[in-house]
Novice: 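Here you go, one structure.
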Amino acid sequence: MRLLRMVVLVSLALASMGEGEAKACSCLRQDFGGGKLYVGAGGAVPADAEGFAWTGGEKLSSAKGRVTLVRVDGKKKVPVKYTIVEKGPIEVIVPAAKFKPGQVYEVTVREGPQAAETRKNLDPAATNVPPPETTTTVTIAAGPLALPEAKLTASAPAQEKIQVAHPASCSHEIEAATATLKVELPAEAEALRDYLVYETRVDGAVWNASGGLCNHVDPGRTWTGEAGTDKLFVACDQPEALKPGRHKVEVEVASPDRAKVITTPAVELELACAAPPPAEPPAPAPTGAEPQEPPPVAKKGCSVGDPGSFAWVLGVGLLFARRRRRAA
């Protein structure tokens, strides 16, 4: 539900874990502040843009008076009427009159009513909460958006440890084969890189990776954060992820109002799992060991003969002694 972007993501891995091992990831999100506008370098917007593209927590239509739009005319600030038009997950603040090159506007957006209500319960000393409203100065560029083409480049595959979303623990670290993507724009469009929106497709399907289930990614952006970049990965121990092998990758590049849409020529990537570490060789036999002694041989007294020989000698001696006693 985008009204609050208050997302509770609960995923129980009961199929593969015992009751005592089951875990869940739960995220509670409240977006404060006035959201963000899609603008290029220096706050620029092309002259043929439909309006000011915006994204934030609650829809702009959630309450009246959330947006104030003025045109800066020298020292004067002229109020401008507008309408709100939805373009998928992005909303566009459309002024009553079309843009003219060189115009300067100030766009002020206040947070939604539910965020404002929640703010009342926050610790006044909290420092990581954005202000309740945001004002952005926007300059209309000298010409329309020039976007004849764009190219996609990919880094050489690399093996690294990365954090990815996980249904039980929200995120966890895996060993993966990765490739970093970047859209190369024509020189005349580079200044508007942050104004444009991007969508990566792998083998025809939209690629939506995340470093954690509780991480938020703005529309037209990816988990890498920087506009026009992305990262692919494969991990053999994660069957629901991208499969190892060869993949066809392309990126759609568009203006936020989708008046202009192009797709980069596809590139092909080969991503393979890391080879398992080699098995340790068996320990070598000890060298220089002293030979073991043979088991001891039972001793037979002074005789080297067998026990029967000794008994015969003893018997003769006793008989001779008995005869001498009779003779005496």
Side-chain angles (χ1 to χ4, degrees), residues 1-7 28-46 49-73 75-97 99 102-141 191-198 214-223 225-228 255-257:
M1 181 179 177
R2 188 173 169 228
L3 182 61
L4 279 178
R5 274 204 199 144
M6 190 178 291
V7 183
L28 183 64
R29 180 181 177 86
Q30 170 68 72
D31 277 344
F32 295 100
K36 61 167 282 187
L37 291 181
Y38 290 82
V39 296
V45 165
E50 182 179 3
F52 306 98
W54 177 90
T55 186
E58 302 172 53
K59 286 186 176 181
L60 293 177
S61 58
S62 62
K64 292 182 178 180
R66 287 190 59 194
V67 177
T68 299
L69 179 61
V70 298
R71 188 181 71 251
V72 179
D73 188 2
K75 294 184 178 180
K76 295 188 302 181
K77 294 185 178 181
V78 182
V80 176
K81 293 183 179 181
Y82 62 87
T83 56
I84 304 297
V85 178
E86 292 189 25
K87 300 285 184 176
I90 294 175
E91 294 178 272
V92 182
I93 305 166
V94 182
F99 293 141
Q103 287 180 326
V104 178
Y105 290 84
E106 286 184 358
V107 186
T108 300
V109 182
R110 285 165 281 279
E111 66 188 7
Q114 296 191 40
E117 188 65 26
T118 305
R119 184 182 289 272
K120 296 177 182 178
N121 300 320
L122 296 179
D123 183 352
T127 59
N128 59 342
V129 180
E133 68 177 41
T134 303
T135 298
T136 306
T137 300
V138 181
T139 301
I140 307 306
L192 294 173
R193 174 175 291 274
D194 290 337
Y195 166 75
L196 299 170
V197 293
Y198 309 83
C214 298
N215 295 4
H216 170 71
V217 178
D218 287 329
R221 298 293 181 261
T222 70
W223 65 322
E226 184 181 350
S255 57
D257 56 14

Novice: Working to the nearest 0.5 Å, report the span between OG1 of T137 and CG of L37.
Specialist: 10.0 Å
Novice: First locate atom CG of N128, then atom CG of D123, and finally report the distance between them rounded to the nearest 0.5 Å.
Specialist: 10.0 Å
Novice: Would the distance check show the side chain of S62 and the main-chain N or O of E58 forming a donor-acceptor pair, the cut-off being under 3.5 Å?
Specialist: no
Novice: State, without any angle test, whether R110 and T134 hold a side-chain donor-acceptor pair at a distance under 3.5 Å.
Specialist: no
Novice: Can a donor-acceptor pair be found between the side chains of T68 and T108 at a distance below 3.5 Å?
Specialist: no
Novice: Working to the nearest 0.5 angstrom, can you tell me the gap between F99 CZ and T139 OG1?
Specialist: 11.0 Å
Novice: Quick check: does any side chain N or O of E111 sit under 3.5 Å from a backbone N or O of G33, one acting as donor and the other as acceptor?
Specialist: yes
Novice: Any heavy-atom pair between the side chains of V107 and I93 that's under 4.5 Å?
Specialist: yes
Novice: So R71 and E106, do their side chains get closer than 4.5 Å, heavy atoms only?
Specialist: no
Novice: State, to 0.1 Å, how close A53 and I90 come at their nearest heavy-atom pair, and which atoms those are.
Specialist: CB-CG2, 4.0 Å
Novice: Let me confirm one number: the CG-NE2 distance from D218 to H216, rounded to the nearest 0.5 Å.
Specialist: 4.0 Å
Novice: Side-chain contact, heavy-atom cut-off 4.5 Å: V94 with I84?
Specialist: no
Novice: Show the nearest heavy-atom pair for residues P95 and L69, with the distance to one decimal.
Specialist: CB-CD2, 4.1 Å
Novice: Give a yes or no on whether a salt bridge exists between E91 and K59, defined as a side-chain N under 4.0 angstrom from a carboxylate O.
Specialist: no
Novice: Which heavy-atom pair separates L122 from F32 by the least distance, and what is that distance?
Specialist: CD1-CZ, 3.8 Å
Novice: What's the verdict on side-chain contact (heavy atoms from CB on, under 4.5 Å) for V138 and V104, showing C-alpha distance, side-chain angles and the deciding distance?
Specialist: CA-CA 6 Å; V138 181; V104 178; over 6 Å; no
Novice: Are W54 and V92 side-chain neighbours, meaning at least one heavy-atom pair lies under 4.5 Å?
Specialist: no
Novice: Is the number of heavy atoms from other residues, nucleotides or ligands within 6.0 Å of NZ (K36) greater than 12?
Specialist: yes
Novice: Do R66 and E133 sit within salt-bridge range, that is, some charged N less than 4.0 Å from a carboxylate O?
Specialist: no
Novice: Do P219 and Y38 have side chains that get closer than 4.5 Å, going by heavy atoms?
Specialist: yes
Novice: Working to the nearest 0.5 angstrom, can you tell me the gap between D31 CG and T118 OG1?
Specialist: 11.0 Å
Novice: Can you tell me how far the CZ atom of R221 sits from the CG atom of D194, to the nearest 0.5 Å?
Specialist: 6.0 Å
Novice: Measure the shortest side-chain to side-chain distance between V78 and V70 over non-hydrogen atoms and say whether it is less than 4.5 angstrom.
Specialist: no
Novice: Taking the six-membered ring for Trp and the full ring for Phe, Tyr or His, determine whether the centres of Y82 and Y105 are under 6.0 Å apart.
Specialist: no
Novice: Are Y195 and S255 close enough that some pair of their side-chain heavy atoms sits under 4.5 Å apart?
Specialist: yes
Novice: If you define the side chain from C-beta out and look only at heavy atoms, does anything of P46 sit under 4.5 Å from L192?
Specialist: yes
